[in-house]
Structure formats: C-alpha cells, structure tokens
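Structure, as structure tokens:
Every value quoted in this text rests on a predicted model; they were computed, and no experiment measured them. Within every chain, numbering begins at 1; the chains are lettered A, B, ... in the order of the sequence lines, protein sequences first and strands thereafter.
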Amino acid sequence: MNIESVDRGLAGLNPPQRRAVLYDGGPLVVFAGAGSGKTRVITHRVAHLVAERGVAPWNVLAVTFTNKAAAEMRERLERLVGPGARDLWVGTFHATCARLLRRYAKEIGIARDFSIYDDGDTRAMIKRVVADLALDERRWDPKYVAGRIARAKQEVQAPDAMELGSAVEEPLRSIYTRYEEKMRAANALDFGDLIYRMVVALETDAGLRAELSQRFRHLLVDEFQDTNQAQYRLVRALGASHRQLTVVGDDDQSIYRWRGADRRNLLAFRDEFSEAATIKLEQNYRSTQRILRAANAVITRASDREPKELWTDNPEGPKLTVLGCEDDRREAQLIVHAVEELRGAGRGLDEIAIFYRIHAQSRGVEEALRAANVPYRIVGGMRFYDRAEIKDLLAYLRVVANPADDVSLLRILNVPARGIGKRSIEVLLDLAASRGGGVYEAIAATVAEGGAAAKKLAPFVGLIEALRRQKAEGAPLAALGYAAYADSGYEGWLNEQDSPDADARKQNLLELLGAMQLAQEDDAELDLAGFLERVTLDAGDQAEGEEGEKLTLMTVHAAKGLEFPVVIVAGLEEDTFPFRRTQEPLDVEALEEERRLAYVALTRAEERLLLTWARVRRFFGRDVRYMTPSRFLLELPAQDVSFAGIAPTRAATRPSPAAWIEPPARRPRAAPGDSYVDRSEGTDEGGGAYVGMKVRHGKLGLGRIVRLDRTSPPRAAVDFGDGGLRTIQLSYLSPA
DNA sequence: GGATTTTTTCTTTTT
DNA sequence: GAAAAAATCC
C-alpha cells in the first residue's frame, strides 16, 4: 500500500487534486478514476476546511459506504487534523443515520432504544408475517420478499406506494404493510429503514431539516456512484440549502446496482446542482502501464460511461499472467505455488491479495493454503457476528436492551432448551396477538397467572428481569454479557456437550465478551444499545487471530478502495466472472456491472496481476461443470499478457445451450415406481429421462420435465403445475 | 417436548 | 460440503 510521505499540506498534490481540495464555490463533483488519489483529496479537503477556513469539525459530515472506508478516512484525518478529528462526523450512511435517528428519536417519533435488524432477523420477521397472513411461504419466499421490501425502501416507497410488477404481486403490499406494523411494535429498524426513515423525517419536517443543514455545513460523499435513491435524497435534503456539497465518484466503479445504487445519480446531481463545478482526476498513481492498459481494455467496452482517460507515469511493468487450469483444485494449488514463488522472490504476504467473485470460491483456495502452511486472513465471508452462538448471546442482550424485540426473544426463548416447545410458543404468539402486545408481555402475563405454563416460563422472566436490573444499575458491558452467558444456562449447556464444536463455540463467546470489554475501554460512553448497533452495522472481519504477515482473501466487492502490489484474481470463467445465476440469462445491465467489477479487480493491482481460470469447476462439493474462459480474459491486450497452462481461446467455448439439453431419445424403460438413477451412482447421465416426460416427486407430486441439465448428478427442471417450476435431481424423481 | 439422524437445498456481491 | 429443514427416535 502507498506510503504517504507528503500527506501534510498541499505539496504532494497534482493540480486537479489541489483544485478539488481548495475549491470554494458551492457544490463540487469530483470524477476520480481508480488510483487517482481520491481518498487523499477528500481527507485533505476536510483538513483544509478545518485548518484554513475555520470550519468547526462538528460541522463537517463525510459519508462513505463501507466501514472499512470510514475507518481509513478517520485514521487519515486524525493524522492530518489532529485530535480535533474526533469531532468530525465520519461514517457510513447507515451508521450516520442510526446515530441521528437515536439523537432525534423524539422529533422523528421513534423510541431511542430501537433494535437494528440484520438480514437474518428481517427474514425471520417476514416469515412470521407471511404465516400470519396465511400466505404460502414457497410463493412468498422470505428472502425474496425481504429483497422487494428493501428495494421499496431504497426508492423511498411506503407500502401503499410500493411498485408492483402486476396484480398478482398484490400480497407483497399486504406483507410490507404488516411487516412495518410488526417492526414498529418490536421497536426495530432494518437496514433500509435507517436511511428511509431519516429521509422521510428530513423531507417532512422543515424544522429538523433546517437544524441538520445547520449542523452539517459541509457535506462530503464518497463513492457517490453507489448511492441509491434514498441516499441521494438524504444528501439533497441535508445540503440543498447551503449547497456546500462535495460528491466524489467514478461511474466506472459502480458495482452496487443490485443494492439499488444508480450510477446516474452522479449525473443527476450535476443537473440538480447546476452551478456545480466538475473536476476530473485522471492520473493514476497506483498501477503499471500494462495493468492500466489491461483495465482500460475491459472498461472501454462498457457502454454509456462518462468519457475519461486514465493515464500513469508509472513504469511499464511486467506482463500480466493468465493461467488456465484443468480444474478448480489445480487452480488453487497453482495459486499457492505462485504465492510461494513470490515469497521466494522477496514479497511479503501482506503485499499479495487473492480476489474471487463469490465467497464460496474461497474454500478451495483456503484448503490449498492450509496444506501449504501459508497464513491468510479472509475479509468478509462467514462473519464472526453471524455465528449462531454469537447471535444467540447478542439476542439475549437485545431483549435486555429492547423489551419489545420479539425476533430476538423468540430466538432465545428456548435456547438452551427450557422445555418451551413449538406448542407453547404458538400459544404465546396467539396470546400476544389477542392482547395486542409483544411476546414478552404475553410471557409475563402467563407467569403472573400461574399454572403449568408459568412454571417453565418463570425462570426465563426472572433471568431477563435480573439482567435488566443489572443494566439499570450501570453494570459494565462485559459483565452484562457474562451474566447473560452464564445465568441463561448457555455456558452450562455448552459445557455438557463436551465436543470440539462446543469448545469452539465457547471460545467464540469468550471472544465476544472480550470484544465487549475492549469496546467499552475504548469508549467509556458506549452503552448497550450502542454496542449492539455497532456489531450489527459493522459485522467486522472474522476475529483476528494471532498477528503476523498474512495473505488476504476477499471478494472483489470487498476489495474496492484497496490496493496491493500483487493481485491474483481467481475463477475468470464465463458464469463465474462474469457471474450468472444458473438458468438465468445474463441481462445487459448485469453484464455491464460485471464488467465494471472486473475493472475494479484489475485496478487494485500495483505491479503484478495473475488471472486464473479453470476448465472444470465443482459445485456444492459434487456437481461438475465445464467452464470456458471469461470474456474479460479474451479482451485483454495481447502484448501485455503472457499465457500459461490451458490457452483461453474462444474455441474452448462451451457447447451451445441446445447441446446441454438431452435429446428426447429413448423412451422410458423403467416401470413406474422405479428410480431413474441408482442413488449410489452420481455419474449416470440421466437414464431414460426425456423432455416432456411425466414424473413423480415424493413431495411435489406429478409433473412434467421441461428441461434436462447434464450436470453431475443430472437434474431436470420439472413443471409441477400449481407447485411451480422446480429444478430437481433426477434421483428424486420416478416415472409416472 | 426434545434430541438425533436424514434429507434437502443452497451460492452473488453488503449495510 | 455445510447449513437448514424435515423426519425419526427417545
């Protein structure tokens, strides 16, 4: 990573960078190409405002998208501005809004101690809503519904304004409505709410708008091409009056369309703030000529981009390497070989990063690295705070902090087991519904009434009450956490199990308690709600083990904003990168985003770039699929690339989709009731199945095959009529 | 009611 | 190949 030797003052800045730092005339748009010193411009601009123009630090708000970016910005600002940097408002959109929502809870009309629901909690809530409304969970899959509600919030659409594809989607609106009611009852906000609620509050309450515009006299937004509608409106509401707005972005690096981001916001901003000045940063300080040419070759094929030409004074550098491998295991091995070679040549492990398109690709590489004893760390992925035991303990704490938090309550009510089973929970839910209150109140009422049910519930109520008392008495965070861990019986439960798995869980929980203690030592003001907010909004990297030089593994998305001397990008195959969901066509917009993502990947590299692909890839540990090289590989400038292993030619192209479909050749030879495939044999190509054949599935009943997939094991898409179209392994089907 | 075994599904990308 | 869901056993 670059060392900033001349970070102080303006000496280290080139003319456009300097203009961006010093600009003093209202709204400013900075188009900042990859590696053009964007963060440096933002931090220097903030420092300039505070040090030279006499702006108070607490009047400056700088917004980023990721916690990583926010942390880096804060760190650099502390170096530039000194202790005053502590009073700057620097944070992600979500964290900033959460902070404001708590501070202005009263004005906005929410309770200050709200819980923040992550995707899992949100889905659990939607599941309950779908059940409440007696809708079919298969049709209204909580994950899908959550996506739709999230999108509505990104577009600032209340339930009655929700956009629907057609009338058959009408239930979505009911689900959304009911969901909002239940969230309010649970005193909970989801990720989308944090922005959405803040926007609505600002747009409807002129007083609040005036106050916050006054507070944030200068507003800077990083990665503006990744803003969605709600975030755009938030920025507008805060900045429209004083117009001291600086937005920085690069339409070529817009990679969050799926999260509602609209890269046209960058252009929309220029229209709306028509007096805005535009400054383009086009000199790249990061990469070699070759790397930049390769990246440019990929991005110039994108359509509809703001014209710009990235250039560099850096040396030509070595050629890129493209490595074709037989299969994914070999790919992982060869990557590890390359890493060891680089190490032998004097590279530190912290100078090397491996990127992949999806997290699932990490496993293979991890195995090879472990086998070779190469230390590594993974950014993102299965996060520490996603582990079941961690979420359990946090759920206890959330119930303590927010009595109305039903989702957390239901999570832990019977964990560890207290004899409160499905039936009892149903009764409690009914009781809560009929009393019109929360589940906890229903439990308390049941206990007060006495009787058989009360016997099992009373200790639980006692536990929660005791914890609440400790919290009210000002117990330190870690003490509260330990009390929840020990007194809930969780500790004893794990002790009983005496398995390696239980030991690992104990270890994780102790780590969480340690983290609580550290967090409070760091910030004495931090209360329980604040801690819970932090762990929800900043899932953090997996717990850092022992220190030391480590190789970094992450998705390309996680890599945005970072740079490494050596970058290895794995899995450059069609359908892997560019990614395509099985059976879904890759639409033009999605492909464009994959292209920008590839551009992001390539532009992370300073000196060396190794791109790998595998001809065969295994999925789900079993499926085998034949891959073809990514189109992005084929687009690289030949003079800048050296090829190793299997050559990536178009000739290696996959058989056309038609060839994938088994021709309707043989008639079924099996008698009804037989299975087509011996279930111990995963290699059978599909026996006598053919398109159009009638089949029976144990659960789904009768259906007709509409497509055969020559995967291993073979699968078929089967139309079950009312049951819908499903893709199922042939081994689960029998002739009908 | 709860624990244990088996079956089934699941893979973008993140706050 | 792991996590979630379902089925089965105690």
Side-chain angles (χ1 to χ4, degrees), chain A residues 63-70 91-98 116-120 122-123 137 141 143 147 150 153-154 189-195 223 226-228 230-231 254-261 355-364 367 379-383 385-388 414-425 456 493 496-497 501 533-540 554-560 571 575-582 584 586 590 593-594 596-597 600-601 617-623 679 697-700 715 726-729 731-732:
Chain A
V63 192
T64 64
F65 272 83
T66 63
N67 292 293
K68 215 184 308 162
T92 63
F93 270 103
H94 291 86
T96 303
C97 286
I116 299 175
Y117 278 6
D118 67 15
D119 285 348
T122 298
R123 259 177 239 167
E137 203 184 284
D141 173 36
K143 193 175 166 187
K153 290 183 177 176
Q154 283 156 12
L189 300 180
D190 61 31
F191 284 141
D193 279 328
L194 297 175
I195 318 282
E223 309 278 18
D226 285 332
T227 51
N228 59 35
Q231 288 159 336
S254 165
I255 56 174
Y256 286 104
R257 194 180 69 109
W258 49 275
R259 216 171 76 183
F355 302 160
Y356 32 78
R357 178 65 236 280
I358 61 171
H359 284 299
Q361 286 173 260
S362 77
R363 186 179 304 137
E367 277 169 18
V379 178
M382 177 57 181
R383 287 179 276 222
Y385 292 108
D386 280 344
R387 292 163 204 259
N414 198 35
V415 180
R418 324 187 149 81
I420 305 164
K422 241 193 327 210
R423 281 247 9 114
S424 321
I425 288 177
K456 287 177 171 172
W493 182 52
E496 257 167 50
Q497 289 179 38
D501 182 66
E533 172 182 316
R534 189 187 295 184
V535 299
T536 309
L537 293 183
D538 183 3
M554 62 183 125
T555 64
V556 180
H557 282 88
K560 185 154 83 147
D575 297 355
T576 308
F577 196 1
F579 181 84
R580 187 178 63 109
R581 256 184 124 123
T582 37
E584 273 173 37
L586 187 62
E593 181 140 317
E594 296 292 316
R596 294 191 294 268
L597 195 55
V600 168
R617 193 167 287 279
R618 278 174 201 74
F619 286 80
F620 309 125
R622 204 148 279 286
D623 274 24
R679 298 187 59 157
H697 181 268
K699 291 223 67 150
L700 297 161
R715 295 210 160 99
R726 308 278 307 278
T727 303
I728 293 168
Q729 288 188 16
S731 52
Y732 296 116

Is there a side-chain contact between A:His94 and A:Gln231 (heavy atoms, below 4.5 Å)? yes

Under-4.0 Å side-chain N/O to phosphate OP1/OP2 contact, A:His557 with B:dT15: no

Counting any heavy atom closer than 4.0 Å, what does A:Ala360 reach on the DNA or RNA strands: base, sugar-phosphate only, or nothing? base

So if I take every side-chain heavy atom of A:Phe191 and compare against C:dA2, B:dT15, B:dA3, which nucleotide ends up nearest? B:dT15

For the residue pair A:Tyr256 and A:His557, is the inter-centroid distance of their aromatic rings smaller than 6.0 Å? yes

Write down the distance between CZ (A:Arg387) and P (C:dA2), rounded to a whole number of angstrom. 14 Å

Give a yes/no verdict on base stacking between B:dT13 and A:Trp258: centres under 5.5 Å, planes within less than 30° of parallel. yes

In whole angstroms, how far is the P atom of C:dA2 from the NE2 atom of A:His359? 18 Å

Which one, B:dT15, C:dG1, B:dG1, comes nearest to the side chain of A:Ser424? B:dG1

How many Å lie between CZ on A:Phe579 and C1' on B:dC10, as a whole number? 11 Å

Given atom NE2 of A:His94 and atom C1' of B:dT14, what is their separation to the nearest angstrom? 9 Å

Just to be sure I understand the rule, does A:Asp118 reach a base, reach only the sugar-phosphate, or reach nothing, if contact means heavy atoms closer than 4.0 Å? nothing

For the pair made of CG in A:Leu597 and P in B:dT14, what is the distance, rounded to whole Å? 10 Å

Applying a 4.0 Å non-hydrogen cut-off, can you work out what A:Tyr256 is touching in the nucleic acid: base, sugar-phosphate, or nothing? sugar-phosphate

Using the P atom on both, measure B:dT13 against C:dA4 and round to a whole Å. 15 Å

4.5 Å side-chain heavy-atom contact, A:Ile255 and A:Lys560: yes

According to the Watson-Crick and G-U wobble definitions, with both distances under 3.5 Å, which nucleotide is paired to B:dG1? C:dC10

Could you tell me how far apart A:Arg123 (CZ) and C:dA5 (C1') are, to the nearest whole angstrom? 15 Å

Aromatic stack A:Phe93/B:dT15: centroid gap under 5.5 Å, interplanar angle under 30°: no

Can you work out whether A:Phe619 or A:Asn414 has the more 5'-proximal nearest nucleotide on DNA chain B? A:Asn414

To the nearest Å, how far apart are A:Phe355 CZ and B:dT13 P? 16 Å

Give one of base, sugar-phosphate or nothing for A:Ile420, where a contact means two heavy atoms less than 4.0 Å apart. sugar-phosphate

Roughly how far apart, to the nearest Å, are B:dT12 and C:dA5 at atom C1'? 23 Å

A:Phe620 has its side chain closest, among C:dA2, B:dC10, B:dT14, to B:dC10

Hey, is the side chain of A:Lys143 poking within less than 4.0 Å of OP1 or OP2 on B:dT9, counting only N and O atoms? no

Under a 3.5 Å cut-off for both contacts, is B:dT12 paired Watson-Crick or G-U wobble with anything, and if yes, with which nucleotide? none

Would you name the heavy atoms of A:Ala558 and A:Val379 that are closest together and state the gap between them? CB-CG1, 4.3 Å

Check the pair A:Arg357 / A:Glu594 against salt bridge (Lys or Arg N to Asp or Glu O under 4.0 Å), numbers first and verdict last. CA-CA 10 Å; A:Arg357 178 65 236 280; A:Glu594 296 292 316; 2.7 Å; yes

Once you round it to whole Å, what is the distance between C1' of B:dT12 and CZ of A:Arg363? 15 Å

Does the base of B:dT13 carry an N or O that pairs as donor and acceptor with the side chain of A:Arg259 under 3.5 Å? no

CD1 of A:Ile195 to OG1 of A:Thr227: how many Å apart, nearest 0.5 Å? 10.5 Å

Which sits closer to the 5' end of DNA chain B, A:Ile358 or A:Arg418, going by the nucleotide each is nearest to? A:Arg418

OP1 or OP2 of B:dT14 sitting under 4.0 Å from any side-chain N/O of A:Thr555? yes

Of all heavy-atom pairs between A:Phe65 and A:Thr92, which one has the smallest distance, and what is that distance? O-CG2, 3.7 Å

